[in-house]
Amino acid sequence: MKGLSFKTMMRLTILYSMVLMSWVAMAQPGTEIFLFDLKVKNDELFLTNGRNITNRKGYDNQPHFHPEEALLYYVSADSTGQTDIYFYNYVSGNTTRLTKTRDREYSPTVTPNKKFISCIIQRESGAQDFGKYPIKGGNELMLVNNLTVGYHTWMNDETLALFVLGEPPTLRLFDIAKQTDSTIAKDIGRSLHRIPKKSAISFVQKSGNEWLINQVDEKTKNISTVVSSLPNREDLAWTPDGLIIMSDGKKLFFINPLNNKGWREIKVQSTFSLKAISRISINAKGDLISLVAEE
């Protein structure tokens, strides 16, 4: 780029970032979101009554249950790779679009006060920010614009646990009021969750030969190991009574961290042939589970 002005170089850089983002978005694999009833019987877990709630060509991903209402939030991409937030009412069977913006939204999550949906926001400029939208619809409110956030969960009303992109990716705790962050761990997986009945969050520590499901105490910020994850797997979900569910891509497994008797297979009664299972979400009652799988 010798001979070009600084302004021209910046314009070319932004244009390149926009083209690259569009290509990456359009190259995303086609995925579906499935909803199952989750049952516990005689110390075993069963998935029944499976239904495909998206059932279309294209990218549908990152499901998240509302903690009180019969709603499942997720992102859906159109033919150009543009993603927006939708929600599915699993009582009525109706699907509603929440956002329609020029940016791309990812990882919708209900905020602790249940008034907003927080999410990752990829800008047309190539920037990647973090913000929230009113849960009934409305304009975006910015929360974090100085970190490249990939995934998140809420530790409490004022503190976010963030997966921040980089080499390596890091786990940061972000104080919204002070707009400050601290690095808690490195080489982590994308799956961040509040642990039921605890003031702690879980994350997957990927460094080393054995990946671990660790927890961070909300008050002390101390890290301790819960259990080993399934080999080379990072997506998980917690049931309300403290079981962990993961997939090896083809099958589902669960473990009870309190007795740590090892991972046990979940029995799935379904007419669907699930493949490349990734994201998992469980509702607050523990009787529904959503899974993301390839088309």
Side-chain angles (χ1 to χ4, degrees), residues 21-22 24-37 49-124 128-143 149-154 190-193 235 237 272 274 276-285 288-295:
M21 283 176 57
S22 298
V24 170
M26 293 177 68
Q28 291 176 127
T31 47
E32 303 280 15
I33 300 176
F34 297 87
L35 189 63
F36 287 86
D37 294 345
N49 190 28
R51 52 271 199 202
N52 185 339
I53 68 166
T54 48
N55 198 25
R56 68 178 195 97
K57 291 291 183 181
Y59 178 82
D60 302 289
N61 214 318
Q62 300 159 357
H64 173 82
F65 284 97
H66 192 288
E68 295 176 354
E69 300 181 28
L71 302 176
L72 180 67
Y73 293 86
Y74 64 97
V75 296
S76 184
D78 62 20
S79 59
T80 69
Q82 179 73 30
T83 59
D84 282 294
I85 300 172
Y86 292 74
F87 57 90
Y88 173 77
N89 186 310
Y90 48 83
V91 173
S92 68
N94 294 328
T95 298
T96 305
R97 186 175 190 167
L98 178 66
T99 64
K100 188 176 182 180
T101 69
R102 299 175 66 178
D103 300 311
R104 294 184 177 93
E105 289 83 25
Y106 293 98
S107 300
T109 302
V110 179
T111 58
N113 63 11
K114 307 175 188 66
K115 295 181 179 180
F116 297 90
I117 297 294
S118 57
C119 63
I120 312 304
I121 304 172
Q122 285 187 348
R123 308 295 186 187
E124 287 186 299
Q128 184 159 306
D129 297 327
F130 179 81
K132 62 183 181 180
Y133 292 92
I135 203 164
K136 299 299 183 181
N139 295 327
E140 164 212 332
L141 298 173
M142 175 65 69
L143 293 175
V149 180
Y151 306 93
H152 75 288
T153 193
W154 290 85
R190 64 190 177 191
S191 192
L192 306 176
H193 299 275
D235 293 314
F272 298 113
L274 301 175
I277 301 170
S278 55
R279 312 301 177 85
I280 304 170
S281 184
I282 298 171
N283 70 337
K285 291 183 179 180
L288 289 173
I289 184 171
S290 66
L291 308 172
V292 174
E294 287 188 2
E295 292 174 350

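Computation of the quantities below employed the complete heavy-atom set of this structure, encompassing side-chain atoms and omitting hydrogens, waters and symmetry-equivalent molecules.
Pairs of residues two or more places apart, or lying in two chains, that qualify as side chain to side chain donor-acceptor pair (under 3.5 Å) and include a residue from residues 129-140 are Glu105-Tyr133, Arg123-Asp129, Arg123-Glu140.
With rounding to the nearest 0.5 Å, the separation of CD1 in Ile282 from CZ in Phe36 is 13.0 Å. Interatomic distance, Asn283 CG to Phe65 CZ, rounded to the nearest 0.5 Å: 5.0 Å. Separating the OG1 atom in Thr31 from the CD1 atom in Ile277 is a distance of 13.0 Å, to the nearest 0.5 Å. Between atom CG of residue Leu192 and atom OG1 of residue Thr153 there is a gap of 6.5 Å, rounded to the nearest 0.5 Å. Atom OG1 of Thr96 is separated from atom CD1 of Ile85 by 13.0 Å, given to the nearest 0.5 angstrom.
Side-chain contact check for Ser76 versus Arg56: some heavy-atom pair is nearer than 4.5 Å. When side chains are defined from C-beta on, Asp84 counts as touching Thr101, because their heavy atoms get closer than 4.5 Å. For the pair Thr83/Arg104, a side-chain contact is recorded, criterion being any heavy-atom separation below 4.5 Å from C-beta on. Within the 4.5 Å cutoff, side-chain heavy atoms of Val75 are placed close to those of Tyr59. In this structure, the side chains of Phe116 and Ile135 stay at 4.5 Å or more apart for every pair of heavy atoms. Using a 4.5 Å heavy-atom cutoff, the side chains of Phe272 and Leu291 are not in contact. Thr54 has its side chain within reach of Tyr74: a pair of non-hydrogen atoms, C-beta onward, lies under 4.5 Å apart. Between Val292 and Asp235 there is no side-chain heavy-atom pair separated by less than 4.5 Å.
Glu32 places no side-chain N or O within 3.5 Å of a backbone atom of Glu294 that could act as its donor or acceptor partner. The backbone N or O of Gly58 sits less than 3.5 Å from a side-chain atom of Glu295, completing a donor-acceptor pair. A distance-only check finds no donor-acceptor pair linking the side chain of Gln128 to the backbone of Gln122 [under 3.5 Å]. Remark: the backbone N or O of Tyr151 is not paired with any side-chain donor or acceptor of Ser107 at under 3.5 angstrom. Without hydrogens or angle criteria, His64 side chain to Ser281 main chain gives no donor-acceptor distance under 3.5 Å. Put simply, the side chain of Ser118 gets close to the backbone of Thr109: a donor and an acceptor are under 3.5 Å apart.
Summarising the geometry of Trp154 relative to Val110, their closest heavy-atom pair is CD1-O, 4.3 Å, with the distance given to 0.1 Å. Taking every heavy atom of both residues into account, Leu274 and Ala293 meet most closely at CD2-CB, 4.3 Å. Across Ala284 and Pro67, no two heavy atoms sit closer than the pair CB-O, 3.4 Å. Among all heavy-atom pairs drawn from Ser290 and Ile33, the shortest one is CB-CG2, 4.3 Å. Of all heavy-atom pairs spanning Pro134 and Gly138, the tightest one is CD-C, 3.8 Å. Between Leu72 and Ile53, the shortest heavy-atom distance links the atoms CD2-CD1, 3.5 Å.
Note: His152 and Phe130 have perpendicular aromatic rings, judged against thresholds of 30 and 60 degrees for the angle between ring planes.
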**Request:** Please test Phe87 against Ile117 for side-chain contact (heavy atoms from CB on, under 4.5 Å), starting from the C-alpha separation and ending with a verdict.
**Result:** CA-CA 11 Å; Phe87 57 90; Ile117 297 294; over 6 Å; no
